[in-house]
There are 2 protein chains.
Amino acid sequence: MSPSPRAETTVGAGPAVEAWEALLRSQVALWRLLEADDVWEPITPREYDVLHTLGRCPDGRARIRDLHREVLLSQPSLSRLVERMAEAGLVAREPDPADGRGTVVVLTETGDRLRRRVGARHAESIRRTVGVALDEREQQALRLLCDKLRAGTRT
Amino acid sequence: MSPSPRAETTVGAGPAVEAWEALLRSQVALWRLLEADDVWEPITPREYDVLHTLGRCPDGRARIRDLHREVLLSQPSLSRLVERMAEAGLVAREPDPADGRGTVVVLTETGDRLRRRVGARHAESIRRTVGVALDEREQQALRLLCDKLRAGTRT
DNA sequence: CCAAGGTCCATGCGTTTGCATGGACACAGG
DNA sequence: CCTGTGTCCATGCAAACGCATGGACCTTGG
């Protein structure tokens with residue numbers, strides 16, 4: 001509303017803020033493209049995220065608590081998402097023998113096949129999209145910086 | 001479910017996929033910290049996103065269509081979010097004199113004050129979080145890479 | 001061994017989201 | 001001018017979300 005003094009917080013916010021904002025906006029922009037790409041077919045991106053995360057766990061199994069750390073979703077929402085995926089046969093739920101409170105989510109054969117199929121298409125989609133914007137050296141630099149950022153914030 | 005051949009799609013997916021995955025995961029991790037930080041007080045992060053985006057527009061006004069490009073939200077959801085924010089007095093909605101279909105969203109005095117107040121706290125939160133993980137040179141490098149990535153994908 | 005406190009998951013509930021759609025307007029080509 | 005096509009925003013509706021909470025189970029200290 002004021003004619004010009006809007007610049008204060010946006011211009012001189014410092015390199016940390018600018019870095020975060022660039023990170024956020026590039027992630028959002030890229031995500032929209034990847035999400036809109038026709039590679040998900042029988043599942044949603046969020047379901048694939050769960051499958052993908054499970055795929056990186058030993059034996060394709062993980063506690064809900066551990067999935068919750070990776071997937072951007074509240075614990076109740078994740079709980080119900082897993083429930084739906086179990087009904088669809090993508091995962092199975094079994095009690096944790098080592099901890100009576102825990103629920104272990106297991107990738108089924110069907111779920112693993114789907115993970116591979118969608119994963120391959122999705123990866124190709126990523127290569128197309130990221131590949132035109134950054135060369136291989138820049139991709140690696142970006143990866144290093146993001147990994148360092150994530151490691152440094154996990155205090 | 002297979003004992004070991006799970007590595008295929010995760011290991012050798014290529015630098016582009018690894019870069020995107022690192023970007024995604026660092027963004028999610030950081031976002032959780034920033035979202036959990038007690039700086040939002042009277043509004044939600046998504047509402048702040050709208051205020052912030054409006055703040056960077058000339059005269060603090062923008063079409064819903066333009067907001068939609070920046071904010072990660074479907075058009076109907078954004079439409080209703082703006083509606084709620086208008087009821088709360090943070091923005092005002094008026095028809096676009098230049099385009100009968102359009103709705104212009106205007107930052108009110110109240111909304112702009114709130115934007116500044118939350119923005120300052122949020123920026124401080126970002127500096128704390130990002131600052132401990134990356135030094136200033138790395139922050140700038142990250143910003144450049146992300147900007148280039150976003151520019152390159154906007155084809 | 002027991003009590004107190006913490007962790008983990010599931011469920012009730014109100015809110016918000018996305019999809020599909022519709023109405024109003026803009027913008028060409030004939 | 002006017003008709004067809006495309007754009008922009010709002011709304012009905014079902015699905016999904018987050019918050020608050022509860023019950024079951026671990027864990028620690030006395």
Side-chain angles (χ1 to χ4, degrees), chain A residues 28 31-51 53-54 57 61-88 90-106, chain B residues 28 31-51 53-54 57 61-88 90-106:
Chain A
V28 166
W31 174 244
R32 281 201 151 144
L33 291 177
L34 296 174
E35 187 187 23
D37 216 341
D38 188 23
V39 301
W40 309 101
E41 202 86 24
I43 55 178
T44 67
R46 228 173 287 235
E47 286 170 328
Y48 171 73
D49 194 6
V50 171
L51 292 182
T53 305
L54 274 177
C57 296
R61 54 175 59 223
R63 292 275 301 263
I64 283 199
R65 165 192 45 151
D66 300 318
L67 288 178
H68 175 52
R69 280 194 249 276
E70 301 277 345
V71 179
L72 186 55
L73 213 52
S74 72
Q75 177 269 313
S77 296
L78 176 60
S79 202
R80 280 193 255 250
L81 176 58
V82 167
E83 183 182 40
R84 275 172 261 143
M85 292 176 70
E87 287 170 7
L90 303 179
V91 300
R93 296 164 31 167
E94 39 187 76
D96 186 349
D99 187 340
R101 301 165 299 178
T103 297
V104 178
V105 185
V106 193
Chain B
V28 166
W31 174 245
R32 280 203 150 141
L33 291 177
L34 295 174
E35 188 187 23
D37 215 342
D38 187 24
V39 302
W40 310 101
E41 203 85 25
I43 55 179
T44 68
R46 228 173 285 236
E47 286 170 328
Y48 172 73
D49 195 6
V50 171
L51 292 182
T53 305
L54 274 178
C57 296
R61 54 176 59 221
R63 293 274 301 264
I64 281 197
R65 165 195 46 160
D66 300 317
L67 287 177
H68 175 52
R69 279 195 250 275
E70 300 277 345
V71 179
L72 185 56
L73 213 54
S74 71
Q75 177 269 312
S77 297
L78 175 60
S79 202
R80 280 195 257 251
L81 176 59
V82 167
E83 183 181 43
R84 277 171 258 142
M85 292 176 70
E87 287 170 7
L90 304 179
V91 299
R93 296 164 32 166
E94 40 188 74
D96 186 348
D99 187 338
R101 301 166 297 178
T103 297
V104 177
V105 185
V106 192

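Just so it is clear, the model here is predicted, and its values are computed rather than measured. Here is how names work: the chains are called A, B, and so on, in the same order as the sequence lines, proteins then strands, and each is numbered from 1. Quick note: numbers below take in every heavy atom, side chains included, and nothing from hydrogens, waters or symmetry partners.
Closest of all the heavy-atom pairs between B:Leu72 and A:Trp31 is CD2-CD1, 4.1 Å. In this structure, B:Ser79 and B:Arg93 approach most closely via the heavy-atom pair O-NH1, 4.3 Å. Minimum heavy-atom separation, A:Val105 to A:Leu54: O-CD2, 3.5 Å.
In this structure, the CG atom of A:Leu73 is 14 Å from the C1' atom of D:dA15, given to the nearest Å. Distance A:Leu67 CG to C:dC8 P: 13 Å, rounded to the nearest Å. Rounded to whole Å, the distance from CD on B:Glu35 to P on D:dG18 is 9 Å. Distance B:His68 NE2 to D:dA10 P: 13 Å, rounded to the nearest Å. The nearest whole Å value for the distance from the CZ atom in A:Arg65 to the P atom in C:dG6 is 17 Å. The nearest whole Å value for the distance from the CZ atom in A:Arg32 to the C1' atom in C:dT17 is 14 Å. In this structure, CG of B:Asp96 is placed 11 Å from C1' of D:dC8, rounded to the nearest angstrom. Nucleotide C:dT7 holds its C1' atom 13 Å from the CG atom of A:Asp66, rounded to whole Å.
Within residues 75-88 of chain A, the residues having any heavy atom under 4.0 Å from DNA chain C are, by residue number, A:Gln75, A:Pro76, A:Ser79, A:Arg80, A:Glu83.
You'll find the side chain of A:Ile43 reaches within 4.5 Å of the side chain of A:Leu51, heavy atoms only. A 4.5 Å side-chain heavy-atom check between A:Val50 and A:Leu78 finds at least one atom pair inside the cut-off.
Between A:Arg46 and A:Asp99, the one whose closest nucleotide on DNA chain D sits nearer the 5' end is A:Arg46. Nucleotides of DNA chain D nearest to A:Leu72 and A:Ala98 differ in position, and the one nearer the 5' end is that of A:Leu72.
In summary, B:Glu94 and B:Arg61 engage in a salt bridge, as defined by a charged side-chain N under 4.0 Å from a carboxylate O.
For B:Thr103, the side-chain atoms get nearest to D:dA10 when compared with the rest of C:dG18, D:dA10, C:dC8.
Contact between the side-chain N/O atoms of A:Arg101 and the OP1/OP2 oxygens of C:dA10 is not found at any separation under 4.0 Å.
A side chain to side chain donor-acceptor pair (under 3.5 Å) with B:Asp66 holds for exactly one of B:His68, B:Arg69, B:Arg63; it is B:Arg69.
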